[in-house]
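Data first, discussion second: the structure below is written as structure tokens.
The figures that follow rest on heavy atoms only: side chains count, while hydrogens, waters and symmetry mates do not. Remember, predicted model here, so these are calculated numbers, not experimental data.
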Amino acid sequence: MEQMRRRKYLVDTPVQLRYMGFVAIPLVVLLAALYYLIYYSVFMEILIPEALATTLLPAMKKVNFVLLFAFPAIFYVILKKALVYSNRIYGPIPRIEREIEKVLSGDLAVRIKARDNDDLKSFIDKINLLVQKIERPG
């Protein structure tokens with residue numbers, strides 16, 4: 001079977017952005033909560049001796065500086081992965097709809113092509129089997 005490549009990852013932008021939001025927003029909230037818990041509980045809640053605070057505070061400022069630049073990169077990677085996975089789930093649906101329209105118009109030779117990584121591959125295979133049985137009854 002010839003290898004099919006994705007030409008674009010945003011097939012239905014609102015649906016896929018909603019999916020990406022379901023993935024990215026809770027992750028960002030979790031990371032922010034962990035940061036708040038670690039940083040502020042160490043410096044605001046725990047009474048740190050003065051000598052320890054003078055050495056720990058500059059180290060934490062360096063950590064904050066690194067996080068300031070690392071967080072956008074991490075967020076980009078998370079969104080990119082969410083986009084790829086949302087395309088694996090939603091990407092085949094417009095293709096399935098187009099091919100089913102052809103079958104409904106009477107073209108029973110149509111077979112829906114599925115990529116190996118598509119999450120709906122088994123569903124697409126069953127649709128193809130159904131069309132094949134309709135084409136050759138018995």
Phe75 vs Leu31 side-chain heavy atoms within contact, under 4.5 Å: no
Point-to-point distance, once rounded to the nearest 0.5 Å, from CG of Asp125 to CG of Leu130: 12.5 Å
Leu120 side chain reached by Ile89 side chain, heavy atoms, under 4.5 Å: no
Closest approach of Glu135 to Arg111 (non-hydrogen atoms, all atoms of both residues): OE1-NH2, 2.7 Å
CA sep, side-chain torsions, deciding dist, call: Lys126, Lys121, side chain to side chain contact (heavy atoms under 4.5 Å, CB included): CA-CA 9 Å; Lys126 286 184 178 38; Lys121 186 174 180 349; over 6 Å; no
Leu104, CG atom: more than 12 neighbouring heavy atoms under 6.0 Å: yes
Val103 with Ile134, same ILVMFWY side-chain cluster at under 4.5 Å: yes
Single-linkage hydrophobic cluster Val28~Phe22, side-chain heavy atoms < 4.5 angstrom: no
Heavy-atom pair of closest approach, residues Gly21 and Pro26: O-CD, 3.5 Å
Side chains of Tyr85 and Asp119 in contact at under 4.5 Å (non-hydrogen atoms): no
Donor-acceptor contact present, side-chain Asn128 to main-chain Ile112, <3.5 Å: yes
Separation between CZ of Arg88 and CG of Leu83, rounded to the nearest 0.5 Å: 11.0 Å
salt_bridge(Asp118, Arg95) N-O dist < 4.0 Å: yes
Separation between CD1 of Ile124 and CZ of Arg115, rounded to the nearest 0.5 Å: 9.0 Å
Side chains of Val131 and Val110 in contact at under 4.5 Å (non-hydrogen atoms): no
Straight-line distance of Leu108 CG to Gln132 CD, nearest 0.5 Å: 11.5 Å
Gap between atom CG of Leu79 and atom OG of Ser86 - 0.5 Å precision: 10.0 Å
Salt bridge flag under 4.0 Å for residues Lys102 and Glu99: yes
